[in-house]
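It should be emphasised that the depicted structure is a prediction, and the values quoted were computed from it without experimental measurement. To find a chain, count down the sequence lines: A is the first, B the second, and so on, and within it residues start at 1.
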There are 2 protein chains.
Amino acid sequence: MRSRADGGATAGRPRSEEAHQAILKATLDLLSEVGFSALTVEGVAHRAGVGKATIYRRWASKLPLVVEAFGELPAFEDVDSGSLEGDLKSMLRRYLENFLATPLAAAYPSLAAERAHNPDLSELLDPMLKRRRRPLARAFERARDRGELRPDVDIDLAADLVVGPIAVRLFFRGMRVHPDMVDAMVNLALSGLVSRRS
Amino acid sequence: MRSRADGGATAGRPRSEEAHQAILKATLDLLSEVGFSALTVEGVAHRAGVGKATIYRRWASKLPLVVEAFGELPAFEDVDSGSLEGDLKSMLRRYLENFLATPLAAAYPSLAAERAHNPDLSELLDPMLKRRRRPLARAFERARDRGELRPDVDIDLAADLVVGPIAVRLFFRGMRVHPDMVDAMVNLALSGLVSRRS
DNA sequence: TTCTGAACGGAACGTACTGTATCGTAATAG
DNA sequence: CTATTACGATACAGTACGTTCCGTTCAGAA
């Protein structure tokens with residue numbers, strides 16, 4: 001995920017992997033501290049102890065840099081507990097436990113907003129988002145194979161149903177979602193809203 | 001929602017309501033065209049045909065200006081169809097029909113991201129977000145009173161369950177959500193994911 | 001009517017940042 | 001060794017922020 005050609009084995013000084021990692025780390029640290037809007041390439045350069053040109057040799061601008069840094073943040077992890085309920089609760093609990101230790105809350109919505117006016121960004125983001133979501137999709141596939149899911153359920157939409165409430169609370173309402181809340185959320189998505197009376 | 005004191009009835013030239021509305025309109029137009037990041041106060045001033053100082057006399061910075069403009073964007077509208085299903089489908093369909101005609105896709109996530117590093121913003125946003133969500137909450141209250149909801153359902157969480165998938169698709173996945181998709185989404189939230197076999 | 005004061009658009013200003021270019025030095029391959 | 005790429009630090013032209021200023025306009029008070 002290098003936005004700029006990194007040159008093959010040619011005569012010349014090789015790119016410094018140390019600088020590369022220092023830049024990504026500085027980006028994540030500053031995202032946490034000041035958020036996306038206030039993040040500057042100059043600030044990243046200073047924090048990472050590199051020259052600005054070093055950053056611009058690798059990334060065309062702030063946005064692709066933040067996209068790559070974003071890709072290093074925690075996503076859903078594979079869990080196979082034997083039941084959909086177990087998978088979902090475990091996965092979401094893990095995600096939430098990681099959430100507060102990362103700049104996800106500022107980075108993810110900012111990237112989402114940028115993409116509304118930058119179609120090129122979708123090409124960078126979509127594969128990454130899909131990858132990050134993959135463990136969740138697998139949990140649903142297993143559930144369908146086990147006959148746990150209603151037959152007419154669209155798996156993609158099902159995943160959105162489970163992830164949606166958490167995303168709204170974390171990202172849009174700025175709420176603290178404690179990992180213990182996961183149970184109630186998953187239960188609700190699994191059993192639905194309507195009274196069994198109908 | 002005036003961020004700067006607007007002076008009572010004193011001797012002096014009164015604030016121009018025309019300028020005020022022109023500024024808000026220019027803000028929304030430019031949000032649509034260039035998004036939050038690329039929106040500049042200088043650009044808004046030029047588009048609205050006002051001086052920069054005119055904007056800064058009313059709003060401390062770009063952020064409160066965008067917040068006020070955001071508050072003018074479509075939200076959920078009150079619908080009372082007699083059933084929860086009818087209410088939800090109607091409300092969400094209306095919301096989606098309006099969505100594409102507004103800069104919601106860029107503005108809302110950006111404000112959400114900003115709030116992660118600006119607690120003061122929560123004080124501006126929270127009342128507004130609550131107000132925008134109120135019709136939805138009322139639909140759930142009516143449903144509970146009619147006995148349509150399962151007795152243990154938390155209304156706030158229920159609303160998040162319904163809104164969540166749409167929010168994820170609109171804001172985070174950059175998907176086109178056609179108003180006709182509303183039926184499947186609401187049906188899924190109402191009936192849940194799990195097979196009736198269990 | 002004049003006086004006072006707030007607001008107006010346009011412009012100037014110091015500061016910060018963008019993205020590019022440059023420089024002397026460093027690290028490689030051939 | 002030469003040629004080449006990369007490094008950090010710095011300079012540069014351009015843009016935008018937020019503040020200040022100016023001449024003009026719009027209102028209330030006297």
Side-chain angles (χ1 to χ4, degrees), chain A residues 2-27 30-31 33-68 110 114 117-118 120, chain B residues 2-27 30-31 33-69 110 114 117-118 120-121:
Chain A
R2 300 277 165 87
S3 304
R4 294 261 168 133
D6 60 359
T10 61
R13 181 173 172 172
R15 288 248 171 102
S16 163
E17 188 61 26
E18 281 187 358
H20 197 85
Q21 294 306 318
I23 293 164
L24 290 175
K25 181 179 189 302
T27 303
L30 283 172
L31 271 173
E33 289 166 34
V34 304
F36 177 83
S37 270
L39 179 81
T40 63
V41 169
E42 204 156 297
V44 171
H46 187 259
R47 176 68 70 93
V50 305
K52 268 201 291 187
T54 302
I55 296 179
Y56 283 110
R57 273 192 286 265
R58 292 164 162 80
W59 296 279
S61 65
K62 165 175 155 177
L63 195 52
L65 169 61
V66 171
V67 169
E68 179 163 347
S110 297
E114 290 298 317
H117 291 91
N118 186 346
D120 293 345
Chain B
R2 300 277 166 84
S3 303
R4 294 257 170 141
D6 59 359
T10 60
R13 181 173 173 172
R15 290 248 170 102
S16 164
E17 188 60 27
E18 282 187 359
H20 197 88
Q21 295 305 319
I23 292 164
L24 289 175
K25 182 177 189 300
T27 303
L30 283 171
L31 271 175
E33 289 165 35
V34 304
F36 178 82
S37 271
L39 178 81
T40 63
V41 169
E42 210 154 292
V44 170
H46 187 256
R47 176 66 71 91
V50 305
K52 266 202 291 187
T54 300
I55 297 180
Y56 283 109
R57 274 195 285 268
R58 292 164 161 80
W59 296 280
S61 65
K62 164 173 155 179
L63 195 52
L65 169 60
V66 170
V67 169
E68 181 166 344
S110 296
E114 291 298 319
H117 290 91
N118 185 347
D120 292 345
L121 184 56

- Message: If you count every heavy atom of other residues, nucleotides or ligands that lies below 6.0 Å from A:K62 atom NZ, does the total exceed 12?
- Response: yes
- Query: How about B:E33: does its CD atom have over 12 heavy atoms from other parts shown lying under 6.0 Å from it?
  - Reply: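 Yes, the 6.0 Å shell around CD holds more than 12 heavy atoms from other groups.
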For [X] and [N], what is the distance between atoms [atom1] and [atom2] respectively, to the nearest whole Å?
X	N	atom1	atom2	value
B:E18	C:dA7	CD	C1'	14 Å
B:W59	C:dA7	CH2	C1'	14 Å
A:E42	D:dT10	CD	C1'	11 Å
A:Y56	D:dA9	OH	P	16 Å
B:R15	C:dC8	CZ	P	6 Å

- Could you please spell out the steps behind the side-chain contact (heavy atoms from CB on, under 4.5 Å) verdict for B:Q21 and B:L24? CA-CA 5 Å; B:Q21 295 305 319; B:L24 289 175; 4.2 Å; yes
Reckon [X] has a side-chain N or O less than 4.0 Å from the OP1 or OP2 of [N]?
X	N	result
A:R57	D:dC7	yes
B:T54	C:dG9	yes
B:R13	C:dC8	no
B:R58	C:dC8	yes

- Task: Measure from the side-chain N and O atoms of A:H117 to the backbone N and O of B:F36, and report whether any donor-acceptor pair falls under 3.5 Å.
- Result: no
- Message: Ignoring hydrogens and geometry beyond distance, is the side chain of A:K52 in donor-acceptor contact with the base of C:dG19 at under 3.5 Å?
- Response: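 By the distance-only test, yes, there is a pair.
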- Message: What contact category does A:G43 fall into here, base, sugar-phosphate, or nothing, at under 4.0 angstrom with non-hydrogen atoms?
- Response: nothing
